[in-house]
Asker: 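Sharing a structure with you now.
Each ligand, and each atom within it, is numbered from 1 in the order the structure gives.
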Amino acid sequence: MSYIETTDPELFSILNREINREESTLELIASENFTSPAILEMAGGVMTNKYAEGYPGKRYYGGCEHVDEAEELARDRLKALFNCQYANVQPHSGSQANMAALMTFLEPGDTVLGLDLSHGGHLTHGSLVNFSGQLYNFISYHVSQESGRVDFDEVNQLAKKHKPKLIVCGGSAYPRFIEFAQFREVADKVGAFLMADIAHPSGLVAAGVHPSPMNYSHVVTSTTHKTLRGPRGGIIMMGKDFENTWGKVVPKSGRVKNVSELVDSTVMPGIQGGPLMHIIAAKAIAFGEALKPDFKKYAIQTVENAKYMADLFLELDYNLISGGTDTHVILINLSNKNITGKQAEISLGHAGMTVNKNMVPFDERSPFITSGIRVGTPAVTTRGMGKHEIKNIVHWIDDAINSFDNIAKLTKIKTEINSLCESFPIYPHLAH
Ligand SMILES: *Cc1c(COP(=O)(O)O)cnc(C)c1O
């Protein structure tokens with residue numbers, strides 16, 4: 001029984017069209033995933049009604065005894081998952097987590113190093129259309145043209161020359177392991193803080209199939225909805241010796257006594273008001289799921305699927321940035337295939353596959369056209385797909401790229417994909 005169906009048929013049919021889209025197409029956007037039905041239930045639950053500004057035990061509102069339990073559980077599970085000492089589960093999104101982390105460690109105008117957006121970075125790593133590029137003096141580092149990996153000669157040079165107060169590592173379209181140890185070495189040479197943004201690989205880190213940033217970074221941020229497979233949101237973590245950074249951080253308020261209090265207060269009241277308690281409780285469920293052995297199997301399969309996919313693309317003469325992947329992300333330069341990223345995204349969309357166009361390093365096309373696409377395996381792996389399906393998917397992608405102007409062909413692929421998707425239902429309880 002649906003309440004929406006009776007009270008708002010208009011939204012009911014929009015919701016159903018979205019359910020059908022998710023069920024009947026192949027989700028290959030590297031930053032997307034499908035949460036469990038339990039997480040959906042909690043995210044749609046009554047905790048959305050509760051105001052709880054503050055932190056467990058120190059709220060500005062009454063009636064917080066149960067949401068306090070949920071937030072404490074979320075923090076404890078998150079600490080167990082990443083083996084960290086400090087956790088804040090309140091950021092509404094990955095961008096909010098980054099804003100709070102940057103505002104904790106920096107003053108406006110401070111110099112920061114971050115990976116260039118067109119080389120795989122993120123808007124919050126210094127883009128001029130984002131608060132990060134407007135508030136701070138971000139200097140971009142890049143990947144090397146030959147290897148497609150971070151150019152540490154350049155990172156070292158930039159660090160020596162600009163003496164950044166903080167270095168951000170991590171990105172949105174970086175297919176390889178983030179080089180935490182190497183970044184920390186550079187940071188130590190110039191006395192900079194290291195911030196690891198693991199928004200993309202955090203699920204892989206939690207499962208132990210990607211190195212952990214915890215022993216190398218002064219602060220770690222992430223989303224909860226990408227490979228971590230939770231509800232849409234953000235988190236901030238710190239490892240074991242974070243309080244040693246206190247002497248170098250200028251307190252923004254006389255009320256705080258240490259770094260953890262400073263991060264807490266930068267999140268709320270600094271940049272947010274009331275926390276989304278329904279989402280925080282849903283994050284707790286997600287962290288609980290990620291602590292179970294099945295999640296490790298999932299993460300291993302996600303990476304195996306991506307590596308197998310990369311091998312098949314290479315056989316078909318696709319040009320992969322960095323020549324492959326260590327993670328769930330594949331970045332393809334389509335320049336040798338006579339198609340732009342934009343055309344490929346549209347063509348694959350007609351064929352029932354969702355990807356995003358993406359700039360490739362040293363791209364000569366604009367961000368609205370691009371020369372590449374980014375492909376990811378987290379969502380199809382959640383559906384239970386393995387090698388056999390990945391092989392079909394690569395051939396469908398290749399066909400759709402080679403026949404991008406042949407609507408009949410694309411429609412035929414879409415029919416095949418619809419029938420594959422029927423064998424891998426996501427939310428059977430939502431079928432109607
Ligand atoms: C996705 C992402 C973010 C931001 O997450 P939102 O929840 O979309 O704000 C931040 N950093 C990186 C590297 C990301 O990939």
Asker: Taking side-chain hydrogen bond (donor to acceptor under 3.5 Å, both in side chains) as the criterion, tell me which of K226, R374, H328 meets it with S31.
Answerer: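 With S31 as partner, K226, R374, H328 yield a single side-chain hydrogen bond (donor to acceptor under 3.5 Å, both in side chains), made by R374.
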Asker: Got the closest protein heavy atom to atom 14 (C) of ligand 1, with its distance?
Answerer: K226 NZ, 2.9 Å
Asker: For the residue pair H119 and Y174, is the inter-centroid distance of their aromatic rings smaller than 6.0 Å?
Answerer: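 Ring-ring flag for H119/Y174: false, centres at least 6.0 Å apart.
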Asker: Only heavy atoms of D197, strictly under 4.0 Å: list the atoms of ligand 1 that pass.
Answerer: 10 (C), 11 (N), 12 (C), 13 (C)
Asker: May I ask whether R232 places a heavy atom under 4.0 Å from ligand 1?
Answerer: no
Asker: Check this for me - ligand 1, T223, N or O atoms closer than 3.5 angstrom, yes or no?
Answerer: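 So ligand 1 has no N or O lying under 3.5 Å from an N or O of T223.
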Asker: Of all the atoms in ligand 1, which lie at a distance below 4.0 Å from a heavy atom belonging to S93?
Answerer: 7 (O), 9 (O)
Asker: Answer yes or no: does an N/O atom from T124 fall short of 3.5 Å to an N/O atom of ligand 1?
Answerer: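 Min N/O separation from ligand 1 is not below 3.5 Å for T124.
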Asker: Within a distance under 4.0 Å of any heavy atom of G171, pick out the atoms of ligand 1 and give their elements.
Answerer: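 Those qualifying, in numeric order: 13 (C).
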Asker: Counting only heavy atoms from other residues, nucleotides and ligands, does the tally under 6.0 Å from OH of Y51 exceed 12?
Answerer: no
Asker: Need the ligand 1 atom indices (1-based, order shown) with element for anything under 4.0 Å from a heavy-atom of H200.
Answerer: 15 (O)
Asker: What's the shortest distance from atom 3 (C) of ligand 1 to any protein heavy atom, and which residue and atom give it?
Answerer: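 Heavy-atom neighbour on the protein nearest atom 3 (C) of ligand 1: H122 NE2, 3.2 Å.
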Asker: Near K342 NZ, under 6.0 Å, is it more than 12 heavy atoms from other residues, nucleotides or ligands?
Answerer: no
Asker: State the atoms of ligand 1, each with its element, that fall below the 4.0 Å cut-off from a heavy-atom position in N98.
Answerer: 10 (C), 11 (N)
Asker: For ligand 1, which atoms have a heavy atom of H225 less than 4.0 angstrom away?
Answerer: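 Listed by number with element: 7 (O).
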Asker: Ring of Y298, cation from R229 - is the NZ or CZ under 6.0 Å from the centre and inside 45° of the axis?
Answerer: yes
Asker: State the NE2-CD1 distance between H92 and I280, to the nearest 0.5 angstrom.
Answerer: 8.5 Å
Asker: Can a non-hydrogen atom of G234 be found less than 4.0 Å from any atom of ligand 1?
Answerer: no
Asker: Does atom CD of Q134 have more than 12 heavy-atom neighbours from other groups under 6.0 Å away?
Answerer: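 Result for CD/Q134: enclosed.
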Asker: Starting from atom 9 (O) of ligand 1, which protein heavy atom do you reach first, and at what distance in Å?
Answerer: S95 OG, 2.7 Å
Asker: Using ring centroids (six-membered ring only for Trp), state whether F313 and Y318 fall under 6.0 Å.
Answerer: yes
Asker: Does atom 6 (P) of ligand 1 have a protein heavy-atom neighbour under 4.0 Å away?
Answerer: yes
Asker: Looking at ligand 1, does any of its N/O atoms fall within less than 3.5 Å of an N/O of G94?
Answerer: yes
Asker: More than 12 heavy atoms of other residues, nucleotides or ligands under 6.0 Å from CG of N83: is that the case?
Answerer: no
Asker: Would you say the ring centroid of F152 lies under 6.0 angstrom from that of Y141?
Answerer: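 Here the rings of Y141 and F152 have centres that are no less than 6.0 Å from each other.
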